[in-house]
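Note that this is a predicted model, so its numbers are computed, not measured.
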Amino acid sequence: MKNLKKVAGFCFFVTAVALTLHVFAYEALAGEDSGSWRPIYDLVMRWINFGILAFVLIKFGATPLKDFLQGRKDELAREIKKVEDEKEKLEDQIKEALKTLGESDIRFAKLKTRIIEQGEKSKQKIIEKAQTQSRIMMEGAKQKVDSQIKQAKNMLRAEMVDSAIALAFERLPEVITDEDSLKFVDIYLNRTLIKF
């Protein structure tokens, strides 16, 4: 197959050169005037040189150029594959991040609920503690008031007794006679003697 392609290419090249010579060098081949043949000869030689250059480039440059293009194609395919793989990884990471975000929202809601519950419990404990303290303070204040009332009553009694005694000392000497005094002394002595 390769040899057939080479032979066909060579035949095409020879045919192209012959046709080019025939078309452009007609005057040079048919003319008897040898003075005007140089420009046509130069043109034909340029075409022949171009054909040789094209043949050499095709013959020796086609495979390396083809290999280079194939290598570049493979390299680009690998880069595209690598980018697609990275894209898939990033999409997976994005999905994972969204999933984690959803889970964190749920956790946040649960945490918020738990914190509110703990806050309510703490609030209730503080209220109960304040009520207990206020009850203790009220009882202490009541006891203090009761104690002050008792002291005031005792002081009032003492003052009343003192006032009564003072009043009695003022009025009794006028009312009590010597006979009454002797009766009081007898009563006192009888009571003390009975005890002994």
A.B. asks: Report the distance from atom CZ of Arg38 to atom CE of Met45, rounding to the nearest 0.5 Å.
C.D. replies: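 Rounded to the nearest 0.5 Å, the CZ-CE separation comes to 9.0 Å.
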
A.B. asks: Does the pair Gln133 and Ile136 meet the rule for a side chain to side chain contact (heavy atoms under 4.5 Å, CB included), with working shown?
C.D. replies: CA-CA 5 Å; Gln133 287 178 348; Ile136 290 170; 5.6 Å; no

A.B. asks: Is there a donor-acceptor pair closer than 3.5 Å between any side-chain N or O of Thr100 and the backbone N or O of Glu96?
C.D. replies: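 Such a contact is found between Thr100 side chain and Glu96 backbone.
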
A.B. asks: If two hydrophobic side chains count as joined below 4.5 Å and joins carry through other members, does Phe50 share a cluster with Leu57?
C.D. replies: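 Different clusters: Phe50 never reaches Leu57 through Ile, Leu, Val, Met, Phe, Trp or Tyr contacts under 4.5 Å.
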
A.B. asks: Is there side-chain contact between Lys87 and Leu90, with heavy atoms separated by less than 4.5 Å?
C.D. replies: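 No, every pair of side-chain atoms sits at 4.5 Å or beyond.
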
A.B. asks: Find the distance between CE (Met138) and CD (Gln131) and round it off to the nearest 0.5 Å.
C.D. replies: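 Answer rounded to 0.5 Å: 13.0 Å.
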
A.B. asks: Closer than 4.0 angstrom, basic N to acidic O: yes or no for Asp85 and Lys89?
C.D. replies: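 So Asp85 does not pair with Lys89 through a salt bridge.
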
A.B. asks: Rounded to the nearest 0.5 Å, what separates atom CG in Asp162 from atom CD in Glu159?
C.D. replies: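 Taking CG in Asp162 and CD in Glu159, the distance rounds to 7.5 Å.
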
A.B. asks: Would the number of heavy atoms belonging to other residues, nucleotides or ligands and lying under 6.0 Å from CD of Glu179 be above 12?
C.D. replies: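 Count not over threshold, so no.
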
A.B. asks: Quick one: do Leu98 and Ile106 end up in the same hydrophobic cluster if we chain Ile, Leu, Val, Met, Phe, Trp and Tyr together by side-chain heavy atoms under 4.5 Å apart?
C.D. replies: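 Hydrophobic grouping puts Leu98 apart from Ile106.
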
A.B. asks: Atom OG of Ser104 and atom NZ of Lys110: how far apart are they, to the nearest 0.5 Å?
C.D. replies: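 Here the interatomic distance stands at 12.5 Å.
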
A.B. asks: Calculate, to the nearest 0.5 Å, the distance between atoms CE and NZ belonging to Met137 and Lys144 respectively.
C.D. replies: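 The distance works out to 10.5 Å.
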
A.B. asks: If hydrophobic clusters are built by linking Ile, Leu, Val, Met, Phe, Trp and Tyr wherever their side-chain heavy atoms come under 4.5 Å apart, do Ile52 and Val44 end up in the same one?
C.D. replies: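 Yes: a chain of side-chain contacts under 4.5 Å links Ile52 to Val44.
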
A.B. asks: Roughly how far, to the nearest 0.5 Å, is CD1 of Ile115 from CZ of Phe108?
C.D. replies: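 The CD1 atom of Ile115 is 8.0 Å from CZ of Phe108, to the nearest 0.5 Å.
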
A.B. asks: Check each of Lys73, Arg78, Arg72 against Glu75 using the salt bridge (Lys or Arg N to Asp or Glu O under 4.0 Å) test, and report the only one that passes.
C.D. replies: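 Single pass found, and it is Arg72.
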
A.B. asks: Do Ile126 and Lys123 have side-chain heavy atoms sitting under 4.5 Å apart?
C.D. replies: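 Heavy-atom side-chain distance check fails, nothing below 4.5 Å.
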
